[in-house]
Amino acid sequence: LAVLGIRDERLLRRRHAVVFTRHDNPASGALAARKFLSLGQFASYCYIHPRDTPQWSQHRAQGFAQEIKRREKKPHIVLTALTDDSRDLVNTLNKMPRPIAILAANDFCALEVLQICNANRIRIPAEASVMGVGDDEAICEQSSPPLSSIRFNFAEESYRAALELERIIAGRSRQRTPRTFVCKPACVTDRESVAAIAPSVTLFRRATEYIRNNAANGIGVKDVAAALGVSESLLSLRFRELARKTVWETITDVRLETVKHLLKTTTRPIGDITRQAGFKDANNLKRLFKTRVGLTMRDWRKSGRRSGQDG
């Protein structure tokens, strides 16, 4: 018996020879990752499981994440799953920096992801590129936009299965326990749901990197625009499109992260931390911190020390 594409426990218990040919799920995830990375540096990456998160999907997710981590320094990767409430996925995607590279576990999941994005004004592929697995033309060609997908190597799987089955029938195989052949995917079928990173995204990435490196130096929007050689209006437009917040809000967010880090890792007074993070007035920082974080700076520092002691 030759079985393609599945590995059923009942068949594994058969006493007669059984040959399985299966998809290489980690390789499928890695191939998708390489495809996305060849198109430019996305701001974040997302793998989406079916609702039951089966083992084969976990293996694809592992291959996807490992390949990205191997090629990018500190990538932003989210592994999630579809639920019966589409708002769960929308909330997840809205928290991720854009553009997002999304790999869905299979074409059925990818179709649902496209429908959710379209219904919630997440532009495909400008804000999120979506790829499926399976290259089911009935799904991929009819989706909106048409879906890019990993194509399985069915020709190789069939050939390996037929060759081994012929050996069993001819009596040239003494195999009495199941054997498994794992076949790598063939390629990515390119369609409109995946696109190369636009120049506007490159500008946004350069701007956010500059902000991370210089937020503590008292920079403003004008300084960021000047460093990149663009107008403030163009810079602001790109941040509204891709981050859904202003340049100044981004600068403030980076400074607040510095404040949190210094509160938890040092005993420096608030005034010193204020200046080191790039803020000018300690009282204004205290009010902003309480509004954004929900705790006073002193309480945040205490909570950090308690968690450190607990650990």
Side-chain angles (χ1 to χ4, degrees), residues 41-44 46 73-78 87-88 90-100 120-122 127 200-311:
Q41 192 173 26
F42 286 83
S44 57
C46 183
K73 184 178 180 180
K74 296 182 179 180
H76 184 123
I77 303 175
V78 172
R87 290 174 296 183
D88 294 334
V90 174
N91 291 336
T92 296
L93 296 179
N94 281 338
K95 293 175 182 177
M96 298 178 66
R98 301 182 183 186
I100 311 169
N120 290 275
R121 298 182 180 179
I122 299 174
E127 294 180 300
S200 59
V201 175
T202 302
L203 172 62
F204 172 75
R205 297 294 298 272
R206 289 174 57 211
T208 53
E209 183 177 2
Y210 179 83
I211 290 170
R212 282 196 301 269
N213 293 333
N214 296 278
N217 298 330
I219 61 170
V221 178
K222 182 178 181 179
D223 300 300
V224 180
L228 299 177
V230 299
S231 67
E232 292 182 46
S233 59
L234 176 61
L235 183 66
S236 298
L237 174 63
R238 297 304 177 225
F239 269 75
R240 289 196 300 271
E241 287 178 341
L242 298 171
R244 296 191 174 181
K245 58 184 176 182
T246 67
V247 181
W248 183 249
E249 287 172 336
T250 304
I251 295 172
T252 301
D253 288 345
V254 172
R255 289 175 176 168
L256 283 174
E257 289 304 313
T258 301
V259 170
K260 291 178 182 178
H261 176 72
L262 293 173
L263 285 172
K264 284 192 173 183
T265 59
T266 74
T267 58
R268 295 171 189 168
I270 300 299
D272 289 352
I273 290 176
T274 300
R275 290 186 292 272
Q276 188 170 348
F279 291 101
K280 295 181 179 180
D281 185 90
N283 290 326
N284 288 339
L285 172 58
K286 290 177 183 178
R287 287 192 290 270
L288 175 66
F289 193 94
K290 179 66 182 300
T291 300
R292 291 285 193 92
V293 180
L295 294 171
T296 65
M297 295 173 68
R298 179 175 295 180
D299 289 341
W300 175 267
R301 171 171 269 171
K302 289 179 179 178
S303 68
R305 288 175 179 169
R306 284 198 300 269
S307 62
Q309 293 169 356
D310 293 341

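Note that the structure is predicted; figures quoted are calculated from it, not measured. For reference, positions follow the sequence shown, starting with 1.
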Backbone N/O of Ala243 and side chain of Arg98: donor-acceptor pair under 3.5 Å: no
Sequence neighbours excluded - ring-ring contact (aromatic ring centres under 6.0 Å, His included) pairs with any residue from residues 223-257: Phe204-Phe239
Is Glu249 reaching over with its side chain to a backbone N or O of Thr246, donor-acceptor style, under 3.5 angstrom? yes
Please tell me if the side chains of Leu256 and Leu285 come closer than 4.5 Å, counting only heavy atoms from C-beta onward. yes
Does atom NZ (Lys222) have a neighbourhood of more than 12 heavy atoms from anything else shown, all under 6.0 Å? no
Do Asn120 side-chain atoms and Ile122 backbone N/O form a donor-acceptor pair below 3.5 Å? no
Can you measure from CZ (Arg206) to CG (Leu235) and round to the nearest 0.5 angstrom? 10.5 Å
For the residue pair Asn217 and Asn213, what are the closest heavy atoms and their distance? ND2-O, 4.2 Å
Can you check whether Met96's main-chain N or O pairs, donor with acceptor, with Ser44's side chain at less than 3.5 Å? no
Shortest non-hydrogen pair, Trp300 vs Lys260, comes out as NE1-O, 3.4 Å
Considering all heavy atoms of both residues, which atom of Asp223 and which atom of Gly218 are nearest to each other, and what is their separation? OD2-O, 4.4 Å
Looking only at heavy atoms, which two atoms of Val259 and Phe279 are closest? And how far apart? CG2-CE1, 3.9 Å
Reported OG1-to-CZ distance for the pair Thr266 and Arg301, which is rounded to 0.5 angstrom: 5.0 Å
Value rounded to 0.5 Å, distance of OG1 in Thr92 from CD1 in Ile100: 9.5 Å
What is the distance from atom CZ of Arg268 to atom CG of Leu262, rounded to the nearest 0.5 Å? 5.5 Å
So with a 6.0 Å cut-off around NE2 of His76, is the heavy-atom count from everything else above 12? yes
Tell me whether Arg255 contacts the main-chain N or O of Ala215 through its side chain, where contact means a donor paired with an acceptor under 3.5 Å. yes
Measure the CD-CG distance between Glu209 and Asn214 for me, rounded to the nearest 0.5 Å. 10.0 Å
Spacing of Asn94 atom CG and Arg121 atom CZ [to the nearest 0.5 Å]: 12.5 Å
With a 4.5 Å cut-off on side-chain heavy atoms, are Asn284 and Thr274 touching? no
Output every pair passing salt bridge (Lys or Arg N to Asp or Glu O under 4.0 Å) with a member in residues 282-298, not counting sequence neighbours, ordered by first then second residue. Asp253-Arg292
Closer than 3.5 angstrom, by distance alone: can the side chain of Ser236 be matched with the main-chain N or O of Ser233 as a donor-acceptor pair? no
Applying salt bridge (Lys or Arg N to Asp or Glu O under 4.0 Å), run through Glu127 and Arg244 and close with a yes or a no. CA-CA 11 Å; Glu127 294 180 300; Arg244 296 191 174 181; 3.7 Å; yes
